[in-house]
Amino acid sequence: MLYDEGHTVAGWTGVTVATVGCSVAGVGVCLVSGALIGTGLGIVGLSALVTWALHLTGWGKPPGVRPREEWGLRVRDPHARAGHPGCLGCRLAGRGRARSVVLPVAGPAAVGDDRGVVRRETAVVGAGARADGAGTP
C-alpha cells in the first residue's frame, strides 16, 4: 500500500474552479474592476463548496494509505456516507462522529407539593420526568 493523495474528482474539480476564479480576479485587478475582482473571489469561494459537495458524495477520498485498487480517478469512496475519521468536511456535514445515546439513569429527586412538604423519591433522569412534580401521585 502506498499513499495516493489528491488524485480525486473532487480535488481536480475544486482546483480547476479555483483557478478560473483566480484568473477572473487577476483580470479584474489588471482592469481595475471591482466587479471582476468580486466575481473571481466568489468563484474561488464556490470552488470550496463544490469540492466539499463532491467529497461528501464519494468523489473525494481521505488522506492516507489506500489499497492500489482504490487509486483510480473514477473510483468512488465507499466509506464517504459514514464519514472519514478526523475529516473536517465530514464533521461539518455531521458525519464521522459517534452518535450519542441518551440512557435513562435513576437518581434522587426532591419535589415540593402544594403544602410546602418535600417528598423524596427516585426519578428517572432523561426519561421525561417533570421537575415540578406534575404527573406524580
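Just so we're clear, the structure is a prediction, and the values are computed from it rather than from any experiment.
Cluster membership for V20 and V44, using ILVMFWY side-chain heavy atoms within less than 4.5 angstrom, is not shared. Residue V24 is not grouped with residue V50 when hydrophobic side chains (ILVMFWY) are merged at heavy-atom distances under 4.5 angstrom, including chains of intermediate members. Under the 4.5 Å side-chain heavy-atom criterion for ILVMFWY residues, a single connected hydrophobic cluster contains both W59 and L73.
Of the possible polar contacts, one joining the W52 side chain to the G89 backbone as a donor-acceptor pair under 3.5 Å is found.
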Next on the checklist: Could you walk me through whether H84 and D77 satisfy the side chain to side chain donor-acceptor pair (under 3.5 Å) test, starting with their C-alpha distance in whole Å, then the side-chain angles of each, then the deciding distance to 0.1 Å, before giving a yes or no?
Outcome noted: CA-CA 10 Å; H84 304 111; D77 182 14; 2.3 Å; yes
Next on the checklist: Test side chain to side chain contact (heavy atoms under 4.5 Å, CB included) on V9 and R76; report intermediate values, then the result.
Outcome noted: CA-CA 9 Å; V9 173; R76 290 181 82 168; over 6 Å; no
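Side-chain atoms of L54 and T13, non-hydrogen and from C-beta on, do get closer than 4.5 Å to each other.
When every heavy atom of R95 is checked against every heavy atom of L56, the shortest pair comes out as NH1-O, 2.8 Å. Closest non-hydrogen pair, L31 versus L36, comes out as CD1-CD1, 4.0 Å. The two residues A10 and H55 make their nearest non-hydrogen contact at CB-N, 3.9 Å. The minimum heavy-atom distance between S47 and V17, with the atom names listed, is CB-CG1, 3.6 Å.
Summarising the geometry, atom OG1 belonging to T8 is positioned 13.5 Å from atom CZ belonging to R74; distances are rounded to the nearest 0.5 Å.
Connectivity analysis of hydrophobic side chains (ILVMFWY, heavy atoms under 4.5 Å, direct or indirect) links V75 to nothing; its cluster partners are none. Side-chain contacts under 4.5 Å among hydrophobic residues (ILVMFWY), followed directly or transitively, place I37 together with V29, L41.
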